[in-house]
Asks: 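Sending over a structure as structure tokens; questions will come in a sec.
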Amino acid sequence: MEKVVSEAEELPKAIVRRVVKEKLSECSPDYDFNVHKDAHLAFTESARIFIHYLSATANDICKESKRQTMNAEDVFKALEEIDFSEFVKPLRASLAEFRKKNAGKKGGAAKENEVKKKRKIEYSSAKNGTKTKQKKEDNHKEEEQVEGEQEQDEEEDNEEEENHGSE
């Protein structure tokens with residue numbers, strides 16, 4: 001009897017296959033393993049069941065904390081609760097590495113979106129022949145900066161005149 005799993009619950013077979021093959025080649029680099037189709041199915045189903053069990057346990061931990069949003073700490077506590085505590089330390093390290101690697105990407109993406117917005121605003125204002133609110137604010141900031149620089153230059157000139165005059 002074959003168990004029917006909804007498509008939403010299925011894990012990607014290619015990814016499971018790749019993970020299994022990579023792990024087997026790590027364990028025995030001198031030996032080429034072949035994995036039977038049934039074994040792949042067993043790995044896929046086992047992983048799916050593990051994810052269900054872990055997510056249900058993490059959800060219970062989240063509810064006990066009177067929160068609606070599950071976080072990584074809930075998953076780590078769930079791993080300990082279901083006797084997989086040896087996974088917590090490497091998972092924490094992996095999560096920290098992931099966050100570090102993606103921290104720059106997130107900031108870069110935000111900056112890129114800001115530049116795209118600005119270009120779009122400039123394009124539409126040039127097309128319409130009108131200044132947008134953003135463009136007016138930018139011009140105002142530039143004017144203030146120029147005025148500030150001019151005041152600073154005048155102060156430096158005055159200080160130089162005072163120094164030369166006292167000599």
Side-chain angles (χ1 to χ4, degrees), residues 1-125 127-128 132-142 144-145:
M1 183 170 116
E2 190 174 316
K3 185 177 178 183
V4 179
V5 178
S6 74
E7 198 172 304
E9 289 184 357
E10 272 187 32
L11 294 176
K13 291 178 179 121
I15 292 174
V16 174
R17 186 179 299 116
R18 186 177 64 224
V19 169
V20 170
K21 280 200 172 241
E22 284 176 7
K23 190 60 183 172
L24 290 174
S25 65
E26 270 180 34
C27 293
S28 301
D30 299 333
Y31 190 74
D32 188 25
F33 279 97
N34 288 318
V35 182
H36 193 272
K37 185 178 177 181
D38 287 346
H40 280 294
L41 183 61
F43 278 117
T44 303
E45 188 64 12
S46 298
R48 188 185 67 77
I49 291 168
F50 180 77
I51 291 169
H52 275 246
Y53 186 48
L54 181 61
S55 61
T57 306
N59 186 48
D60 291 344
I61 291 168
C62 184
K63 283 181 179 178
E64 287 171 6
S65 300
K66 295 182 171 62
R67 288 180 287 109
Q68 291 182 340
T69 305
M70 192 183 309
N71 60 37
E73 283 302 314
D74 297 325
V75 177
F76 297 143
K77 288 176 186 173
L79 282 167
E80 290 173 352
E81 195 171 301
I82 63 173
D83 296 326
F84 283 94
S85 55
E86 68 271 14
F87 292 141
V88 173
K89 189 175 180 180
L91 284 172
R92 283 185 192 276
S94 179
L95 181 62
E97 185 180 324
F98 174 81
R99 286 176 175 163
K100 184 179 176 183
K101 190 181 349 178
N102 288 309
K105 288 181 183 179
K106 193 174 187 180
K111 193 172 185 176
E112 189 177 309
N113 287 340
E114 189 177 310
V115 169
K116 284 180 182 178
K117 272 186 185 177
K118 193 171 183 178
R119 285 183 187 150
K120 189 175 182 180
I121 290 170
E122 288 173 355
Y123 173 75
S124 64
S125 66
K127 187 177 176 183
N128 296 333
T132 63
K133 183 179 178 182
Q134 180 67 42
K135 191 89 167 171
K136 288 178 185 177
E137 288 175 2
D138 289 346
N139 288 342
H140 183 70
K141 286 178 185 175
E142 285 179 16
E144 287 178 346
Q145 187 177 3

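What you see below is based on every heavy atom in this structure, not just the backbone, and it leaves out hydrogens, waters and symmetry mates. What you see is a predicted model, and the numbers here were worked out from it, not measured in a lab.
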Asks: Using residues 80-100 as the side-chain source, report each donor-acceptor pair under 3.5 Å to any protein atom, sequence neighbours left out, with the distance given to one decimal.
Replies:
{"from": "Arg92", "atom 1": "NH1", "to": "Glu73", "atom 2": "OE2", "distance (Å)": "2.6"}
{"from": "Arg92", "atom 1": "NH2", "to": "Glu73", "atom 2": "OE1", "distance (Å)": "3.2"}

Asks: How close do Ala58 and Met70 get, counting heavy atoms only, and between which atoms?
Replies: CB-SD, 3.4 Å
Asks: Got a second to check how far Arg18's CZ is from Lys13's NZ, nearest 0.5 Å?
Replies: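 Separation between the atoms: 15.5 Å.
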Asks: Kindly compute the distance separating NZ (Lys77) from OG1 (Thr57), expressed to the nearest 0.5 Å.
Replies: 14.0 Å
Asks: With a 3.5 Å distance limit and no angle check, can you tell me whether Ser28 reaches the backbone of Ser25 through a side-chain donor-acceptor pair?
Replies: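 Side chain of Ser28 to backbone of Ser25: no pair is present.
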Asks: Quick check for you: to the nearest 0.5 Å, what is the distance between Leu54 atom CG and Phe76 atom CZ?
Replies: 10.5 Å
Asks: With sequence neighbours excluded, what pairs up with Leu41 under the side-chain contact (heavy atoms from CB on, under 4.5 Å) test?
Replies: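 If we apply the side-chain contact (heavy atoms from CB on, under 4.5 Å) test to Leu41, skipping adjacent residues, there are no hits.
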Asks: Please round to the nearest 0.5 Å and tell me the distance separating atom CD1 of Ile49 and atom OG1 of Thr44.
Replies: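 Here the interatomic distance stands at 11.0 Å.
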Asks: Let me confirm one number: the CG-CD distance from Asp74 to Glu64, rounded to the nearest 0.5 Å.
Replies: 10.0 Å
Asks: Looking at every non-hydrogen atom in both residues, tell me the closest pair between Ile51 and Leu11 and how far apart they are.
Replies: CD1-CD2, 3.9 Å
